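This report concerns only the one structure given below.
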Amino acid sequence: MSKKSTRRDFVRHSAAAAAGIFVLPEIIPSSVFGTGGKTAPSDRIVMGCIGTGSQGMSNLNHFLQLKEAPQFVAACDIDSLHLAKAKTTIDTFNKDSGCRTYWDFREFLEKEKLDAVSIALPDHWHGIIYTEAVNKNLNVYGEKPICRTINDGQTIVAAVKKTNVIWQTGSWQRSLPNFRRGAELAINGRAGKIKNIEVGLPDGVRGIGTPPVAEVPPQLNWEMWLGPAPKVPYRGVSHWDWRWILDYSGGQLTDWAGHHIDMANWGAGLEYTGPVEISGSGIYPSDGIYNVPVEYDILCKYANGIEMRVANSSRLKLGMGTTWYGDKGWIHTDRGNKLSASDPKILDEVISENEIQLYKSDDHWQNFIDCVRSGDQPIAPIEVAYRAISVGLLGEIAMTTGQTIHWDPDKEEIIGNPGATRLLSRPYRQPWTLPTV
Amino acid sequence: MRFHHTFKIIYIMIKRYYIIFLLIAVVIAIFPSCRKSEVYETLLITGQSEHNWKASHPVLKQILDGTGLFSTEIMITPEKGGDMTNFNPDFSKYRLVVLNYSGDSWSEKTKQAFIDYVKNGGGVVVYHGSSIAFPDWKEYNEMTGLGGWGNRNEKDGPYVYYSKNTLVTDTSAGKAGSHGPRHDFEVRTRIADHPITKGLPARWMHASDELYQQLRGPAKNMQVLATAFADTSFKGTGRDEPMLMVIDYGKGRIFHTTLGYGDEGGGPAMQCTGFIVTLQRGAEWAASGSVTQEVPFDFPNVSGVVLRPDFKEITLDEAIDNICNYDIQKSTRYFTCLQDRIRKASGDEKTILMLEKKMVSILKNDEASAESKKLILRELSWMGSDYCIPAIKGLAEVPELKDDVTFALTRLRTNN
């Protein structure tokens with residue numbers, strides 16, 4: 001486990017930042033006062049949020065519902081309606097009208113003095129904004145998948161390692177008891193030695209054909225929404241449905257990699273490594289603006305012999321979720337508090353003290369706040385998230401090229417395949433560049 | 001000594017020629033079977049039906065013969081009420097019989113000849129309305145597995161359908177066969193490793209068709225390859241009803257498709273790429289026991305219905321020609337056709353280079369649209385070789401392509 005960031009680091013960073021040219025915010029981050037803050041407001045974690053669409057608002061509400069909710073002071077979005085909604089939510093909660101609003105994340109990051117930031121954006125923006133936020137020494141609650149490309153992910157991981165900020169990925173299944181229990185049974189060999197894993201993720205969605213170019217709604221800053229992605233005219237697709245277009249996302253596969261592949265890795269001890277061989281095939285829409293694969297079937301081989309199959313759930317017997325197959329049976333977990341096994345007795349097994357005890361969190365958002373206070377590693381740290389999405393992204397490369405990909409999980413390089421190697425990154429549209437760490 | 005030496009040389013040469021001769025003989029012997037198999041002589045029987053057989057049968061012939069695998073002869077029966085004694089096809093001449101027929105009973109002699117044909121290994125395709133035919137002919141119902149209408153009920157066999165992802169054989173009493181109004185619906189592959197369904201999507205959209213439901217029959221030696229959910233909002237049963245079935249009868253193989261309502265010019269159900277391709281694959285399997293056809297890029301999936309108004313697959317040259325005219329609001333299917341070719345050529349450097357050359361020809365074509373060049377630049381950015389670089393650089397001064405040229409060149413510079 002990497003070195004923890006300490007509260008003292010925070011004080012130093014925040015104090016340095018406070019000396020900057022921008023106006024000091026009214027709420028002073030608790031970190032400025034060090035460990036012994038007594039008064040309630042200053043002891044609260046001061047937060048802002050970037051990206052206030054459906055997932056951003058969901059996270060905001062989760063944070064506000066905590067017993068000791070953080071103090072939200074600022075919000076940033078390129079859609080003024082989303083932004084107004086977030087401000088209303090925050091102001092209502094704070095019983096004031098003080099929530100500051102920004103459309104440009106750069107200004108937000110320069111001016112706001114925060115302990116932490118909650119970020120929920122389309123994947124194509126993750127590389128730049130996650131890295132910028134981490135470079136500003138902000139603790140981050142960041143949505144999965146943490147990157148659109150392997151190269152973006154490597155940069156974000158490096159930034160977190162360098163700054164030692166607290167990073168929590170929005171892989172909240174980790175904080176639910178059925179998933180934790182399933183993974184703990186699996187990793188302690190209750191289905192025997194794990195031989196292979198099946199991961200069922202959602203099928204693709206119905207297409208919308210080729211919609212005409214439309215007028216950009218007045219609330220939307222389309223140029224900023226696109227950011228580093230290729231310039232295209234607005235055609236009515238932005239919020240939510242960006243998931244079905246390859247410039248912004250890899251579809252259901254990369255959306256859900258941060259959940260069920262993450263679970264698979266957790267229960268098989270693969271959290272800090274990756275596959276060595278990846279092959280697969282995808283079924284793509286033959287027409288229309290949506291171009292992500294609607295079906296996918298990927299096989300990953302690991303150095304220790306484990307094989308992981310990741311496919312859209314209609315192709316799998318057990319459908320959605322994660323199934324660990326050992327030499328004595330299987331264990332399956334899925335949403336809806338699902339946990340089942342080849343033999344129900346497996347589920348009654350007791351994990352003794354000298355066996356592997358997986359990290360326990362009862363609330364994903366609370367776990368982040370707790371770790372910001374304590375400096376401990378949260379339950380869904382950055383590298384683990386990067387390893388989970390890597391499986392999806394390498395699968396995407398195997399499908400795009402039609403080739404078997406050989407991957408070095410230590411050097412994090414594709415071996416002997418220049419074409420596939422080029423797909424490890426997506427060049428950014430000028431003037432955007434991936435920040436240096 | 002000299003003579004002996006010469007003899008030895010001749011002997012060696014003969015031996016060498018013999019080997020070459022033998023090799024040539026072997027090549028000659030093997031070569032025909034290396035080619036894309038034989039053409040299956042096919043008999044399409046039509047002439048009576050509740051459906052528009054006059055519209056559907058030429059389309060069936062076009063679809064089958066379009067594969068190059070079948071040579072279809074059409075045989076039209078006497079009209080309803082006509083003299084069926086003269087309807088005596090010589091089934092033994094054919095590898096495949098396609099039935100687009102429901103009407104008067106055949107003569108006993110013809111029925112027996114058909115039974116013998118199938119028992120001896122003949123292939124049969126039962127198409128759409130033919131599920132209705134011959135309710136009283138026991139052997140026919142054993143061949144089709146399931147049927148409907150014509151006073152069929154529990155005496156004819158169970159209902160067969162899927163419920164909660166499990167195959168159900170339901171012997172409850174009730175009439176057989178019904179359908180609601182035509183509509184687009186989703187077909188779900190149930191057996192993914194059969195030669196007919198191998199490589200097909202798990203779910204695909206079928207265009208406006210009658211969704212046959214409540215079929216019942218002997219269902220012996222039958223596998224349900226695909227089903228469709230009969231939505232109650234279209235007067236459906238709320239069950240997953242069989243759409244594609246295969247049946248073994250004697251040594252014969254039967255492919256039964258309930259899909260393909262035929263209208264003038266085929267209509268959407270027959271123009272649906274899913275109908276066309278499953279028919280082509282099912283027919284090949286029925287004729288030969290295997291399927292050599294690749295799944296085409298335009299096979300529909302859950303993203304939506306795909307039609308082939310001319311019943312033909314896009315060729316690579318058509319794709320390249322049409323990509324040149326691409327505009328942001330036009331169909332992307334010619335481009336996705338090209339992408340599919342690239343994926344399928346994986347590892348075949350010669351084919352990839354051939355494709356790259358065609359792509360570069362679009363970049364160099366002054367008539368080709370800027371939008372088409374953007375698509376090509378994005379694709380070349382990962383799969384292009386040094387060959388494409390000058391052509392890409394040649395576009396650097398085109399203002400609307402500046403970003404895309406930078407994208408392509410940046411990525412092409414990334415290497416191990």
Side-chain angles (χ1 to χ4, degrees), chain A residues 151 203-213 230-233 235 244 246-247 281-295 297 311-317 319 397-404 413-430, chain B residues 165 186 188-189 192 199-205 273 295-306 314 327-337 339-340 342-348 352 374 378-379 381-385 400 402-404 406-416:
Chain A
N151 187 40
D203 294 8
V205 300
R206 200 64 40 87
I208 54 166
T210 311
V213 174
K231 192 169 178 65
V232 291
R235 300 164 82 178
W244 323 125
L246 285 167
D247 280 339
S281 59
I283 292 175
Y284 293 80
S286 62
D287 204 352
I289 187 172
Y290 292 173
N291 58 1
V292 298
V294 291
E295 293 196 28
D297 207 333
N312 58 298
S313 54
S314 289
R315 305 175 88 83
L316 299 178
K317 206 173 159 222
I397 293 173
M399 292 192 291
T400 305
T401 58
Q403 294 170 4
T404 297
E413 287 171 0
I414 286 176
I415 301 161
N417 189 333
T421 297
R422 291 172 190 152
L423 292 169
L424 292 173
S425 63
R426 297 175 78 83
Y428 285 173
R429 182 167 61 102
Q430 290 163 357
Chain B
N165 291 335
E186 186 182 294
R188 179 94 193 249
T189 305
L200 298 188
R203 294 162 58 193
W204 54 274
M205 286 303 296
T273 307
V295 177
F297 86 99
D298 61 343
F299 195 94
N301 51 55
V302 71
S303 73
V305 160
V306 180
I314 299 168
D327 169 38
I328 189 98
Q329 273 157 234
K330 282 189 180 171
S331 163
T332 55
R333 69 195 172 112
Y334 299 106
F335 179 63
T336 54
C337 174
Q339 287 182 308
D340 182 68
I342 293 166
R343 273 194 292 274
K344 284 184 179 152
S346 152
D348 173 358
I352 290 285
K374 287 182 186 179
R378 296 292 291 284
E379 203 64 15
S381 75
W382 74 269
M383 50 74 71
S385 69
E400 53 203 314
K402 196 173 137 270
D403 287 345
D404 304 86
T406 307
F407 183 102
L409 292 176
T410 306
R411 212 179 219 179
L412 282 161
R413 276 197 297 269
T414 318
N415 266 313
N416 271 348

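Protein chains get the first letters and strands the later ones, always in sequence-line order, with residue 1 at the start of each. No experiment lies behind these values; they were computed from the predicted model shown. Side-chain atoms are counted along with the backbone in the values below, which use heavy atoms only and exclude waters and symmetry mates.
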Identify which part of Y290(A) has an atom lying under 4.5 Å from any heavy atom of chain B, answering side chain, backbone, both or neither.
neither
Got R343(B) and F297(B) here, is their nearest side-chain heavy-atom distance under 4.5 Å?
no
Examine R429(A) relative to F407(B) and say whether NZ or CZ is less than 6.0 Å from the centre of the six-membered ring and inside a 45° cone about the ring axis.
no
Heavy-atom pairs under 4.5 Å with chain B - which of G204(A), P285(A), G282(A), P427(A) has more of them than the others?
P427(A)
Checking V302(B) against chain A: side chain, backbone, both or neither under 4.5 Å from a heavy atom?
both
Sub-4.5 Å side-chain heavy-atom contact between T401(A) and M383(B)
no
Can you tell if the side chain of R426(A) reaches within under 4.5 Å of the side chain of D247(A), non-hydrogen atoms only?
yes
When only pairs under 4.5 Å are counted, which of G288(A), S314(A), G402(A), G207(A) shares the most heavy-atom pairs with chain B?
S314(A)
Let's test your reading of the structure: which of K374(B), E186(B), M205(B), K344(B) forms the most heavy-atom pairs below 4.5 Å with chain A?
M205(B)
Heavy-atom distance under 4.5 Å between the side chains of P300(B) and V305(B), does that happen here?
no
Salt bridge check, D403(B) against K231(A): does any charged N sit closer than 4.0 Å to a carboxylate O?
no
Under a 4.5 Å heavy-atom cut-off, does chain A meet the side chain of L200(B), its backbone, both or neither?
backbone
Please classify the contact between R235(A) and chain B as side chain, backbone, both or neither, with a heavy-atom cut-off of under 4.5 Å.
side chain
So T210(A) and D287(A), side-chain contact (heavy atoms from CB on, under 4.5 Å) or not? Walk me through it.
CA-CA 8 Å; T210(A) 311; D287(A) 204 352; 4.3 Å; yes
Under a 4.5 Å heavy-atom cut-off, does chain B meet the side chain of Q403(A), its backbone, both or neither?
both
Would you mind checking which part of S381(B) comes under 4.5 Å of any heavy atom in chain A, side chain (CB onward), backbone (N, CA, C, O), both or neither?
backbone
Nearest-0.5 Å distance, CG of residue N301(B) to OG of residue S286(A)
7.0 Å
Under 4.5 Å heavy-atom distance to chain A, tell me which part of S331(B) shows up: side chain, backbone, both or neither.
both
Are the side chains of V294(A) and N312(A) in contact, using a 4.5 Å heavy-atom criterion?
no
With a 4.5 Å cut-off on side-chain heavy atoms, are I314(B) and Y334(B) touching?
yes
Under a 4.5 Å heavy-atom cut-off, does chain B meet the side chain of P211(A), its backbone, both or neither?
backbone
Ranking S346(B), A192(B), G347(B) by heavy-atom pairs under 4.5 Å to chain A gives rank one to S346(B)
Taking the side chain as everything from C-beta on, heavy atoms only, tell me whether N165(B) gets closer than 4.5 Å to K317(A).
no
Of the backbone (N, CA, C, O) and the side chain (C-beta and beyond), which part of P230(A) lies under 4.5 Å from a heavy atom of chain B, both, or neither?
side chain
Portion of D298(B) that has a non-hydrogen atom of chain A nearer than 4.5 angstrom:
both
Counting heavy-atom pairs under 4.5 Å with chain A, the top scorer among S385(B), G304(B), P201(B) is P201(B)
Which atoms of T400(A) come close to chain B, meaning under 4.5 Å heavy atom to heavy atom: side chain ones, backbone ones, both, or neither?
both
Can you tell which part of V213(A) gets under 4.5 Å to a heavy atom of chain B, answering side chain, backbone, both or neither?
both
